[in-house]
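To start, the structure under review is shown below, and the notes come after it.
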Amino acid sequence: MPELPEVENIRRVIEPRLLGRKIIRAKLLRPDIIAYPSLEEFQDAVIGFRIKEVCRRGKYLVLMAEDGARLDLHLRMTGQLLAVPADFPEEKHTHLVFYLDDGRELRFADTRRFGRFWFLKPGEEDQVTGIESLGPEPLERDFSAKYLEEQLNRKKRPVKQALLAQGIVAGIGNIYSDEILFAAGVAPLRRCDTLMDAEWGKVAAAARDVIRKAIEDNRMTEEEYLDGKGKRYKNYEFFVYGRAGQPCKRCGTELKQVMIGGRSSVYCPKCQG
DNA sequence: TTTACTGTTCACCA
DNA sequence: GTGGTGAACAGTAA
């Protein structure tokens with residue numbers, strides 16, 4: 001479900017509710033969402049976890065504890081994370097509840113159960129979450145046209161697939177990769193090794209612009225977030241995603257859809273050369 | 001009833 | 001080793 005902009009907004013909404021709070025109890029209803037360490041270790045370890053910071057890396061959320069421990073999670077397709085009062089109605093498919101020391105609860109619900117949690121002890125090297133192999137964030141300085149060109153100029157894969165590769169750039173998924181390529185004027189099927197330097201420039205700039213705008217447009221208050229139960233967060237206007245067969249908002253040409261690496265991709269045959 | 005789906009990993013094959 | 005495809009995870013909604 002959520003890509004970088006949505007995860008960032010979830011982070012912004014829940015962080016104020018979690019800072020300084022301590023987990024006093026955990027209720028785990030679906031053990032399969034715990035990826036690491038073992039169930040017993042996880043349940044023991046999170047008790048007493050006092051939240052010092054809520055961070056995001058790519059599509060991951062990372063809760064940092066005062067003692068240096070880490071509680072990481074990935075929402076995958078349908079995960080919802082809610083920090084709510086105890087009397088807030090419980091979502092269907094709630095799999096994990098952390099009870100906080102102020103009476104509120106941090107709840108994880110996930111219809112498709114693809115989401116995962118990891119707990120890392122203070123100082124423990126992260127060899128399990130996948131965060132270590134992420135590429136740069138699109139909004140950080142080390143993400144640039146030069147970086148993309150160096151990483152990809154000999155790759156034969158379609159540029160769409162390169163944008164989806166978390167090891168190349170972190171946080172972009174199927175929605176925003178389509179939006180970025182439209183903004184850059186580059187067709188999703190273009191092989192990386194055929195892109196000119198100027199085109200890498202457009203892709204890098206479009207990635208920054210689209211992601212930045214999506215974060216801003218998806219921005220919401222806690223109330224709006226809770227009204228949407230943590231799963232409605234789209235105010236960003238799509239130019240191509242989900243619009244196959246409809247006219248391009250820029251030139252009116254009918255938008256086309258293709259399958260690339262098992263994912264659908266929508267683009268404008270005229271605007272994206 | 002069938003199909004597609006905002007994520008990621010892994011098995012398999014050329 | 002490389003690259004591409006499809007399945008798997010599980011549930012919902014069109």
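Note: hydrogens, waters and symmetry copies are ignored here, and every other heavy atom, side chains too, is used. We name chains A, B, ... by the order of the sequence lines, and we start the count at 1 in each one.
Distance A:Lys155 NZ to C:dG1 C1': 12 Å, rounded to the nearest Å. The distance from atom CE of A:Met259 to atom C1' of B:dA4 is 9 Å, rounded to the nearest whole Å. Remark: P of B:dC5 and CD1 of A:Ile260 are 13 Å apart, rounded to the nearest angstrom. In this structure, A:Lys156 places its NZ atom 14 Å from P of C:dT5, rounding to the nearest Å. As rounded to whole Å, 9 Å separates atom P of B:dG7 from atom NZ of A:Lys160. Across the protein-nucleic acid pair, A:Leu73 atom CG and B:dT8 atom P stand 13 Å apart, rounded to whole Å. We find that NE2 of A:His95 is positioned 16 Å from P of C:dC9, with the value rounded to whole Å. Between A:Arg116 atom CZ and B:dT9 atom P there is a gap of 11 Å when expressed in whole angstrom units.
Below 30°, between 30° and 60°, or above 60°: for A:Phe42 and A:Phe119 the angle between ring planes is above 60°, a perpendicular geometry.
Within 6.0 Å of NZ on A:Lys155 lie no more than 12 heavy atoms contributed by other residues, nucleotides or ligands.
In this structure, A:Gln161 does not reach the B:dG7 phosphate: none of its side-chain N or O atoms is under 4.0 Å from OP1 or OP2. At least one side-chain nitrogen or oxygen of A:Lys59 sits closer than 4.0 Å to the OP1 or OP2 atom of B:dG7. Distances shown here put every side-chain N or O of A:Gln166 at or beyond 4.0 Å from the OP1 or OP2 atom of B:dG7. The phosphate of B:dC5 has OP1 or OP2 within less than 4.0 Å of a side-chain N or O from A:Ser264. A:Arg263 has a side-chain polar atom (N or O) that falls below the 4.0 Å cut-off from OP1 or OP2 of B:dG7. OP1 or OP2 of C:dT12 has at least one side-chain nitrogen or oxygen of A:Lys92 nearer than 4.0 Å.
At least one donor-acceptor pair under 3.5 Å links the side chain of A:His95 to the backbone N or O of A:His93.
Nucleotides B:dT1 and C:dC9 are separated by 22 Å at their C1' atoms, to the nearest Å. Remark: the separation of the P atoms in C:dG6 and B:dT3 is 15 Å, to the nearest Å.
Between C:dT12, C:dG11, B:dC5, one nucleotide has an atom nearer to the side chain of A:Arg113 than all others, and that is C:dG11. Side chain of A:Arg30, nearest nucleotide from C:dG11, B:dG7, C:dG4: C:dG11. For A:His93, whose side chain is taken as the heavy atoms from C-beta onward, the closest listed nucleotide among C:dG4, C:dG11, C:dC9 is C:dG11. Here the nucleotide nearest the side chain of A:His74, chosen from C:dT12, B:dC5, B:dG7, is B:dG7. Closest approach to the A:Tyr241 side chain among B:dG7, C:dG4, B:dC5 is made by B:dC5 (side chain taken as heavy atoms from C-beta onward).
No hydrogens or angles considered: a donor-acceptor pair under 3.5 Å links the side chains of A:Glu6 and A:Tyr176. With no hydrogens or angles considered, a side-chain donor-acceptor pair links A:Glu41 and A:Ser38 at under 3.5 Å.
Atom CZ of A:Arg107 sits about 11.5 Å away from atom CG of A:Leu81, to the nearest 0.5 Å.
Aromatic stacking is not marked for A:Phe114 over B:dT8, as the cut-offs of 5.5 Å for the centres and 30° for the planes do not both hold.
At the heavy-atom level, A:Gly262 lies nowhere under 4.0 Å from the strands shown.
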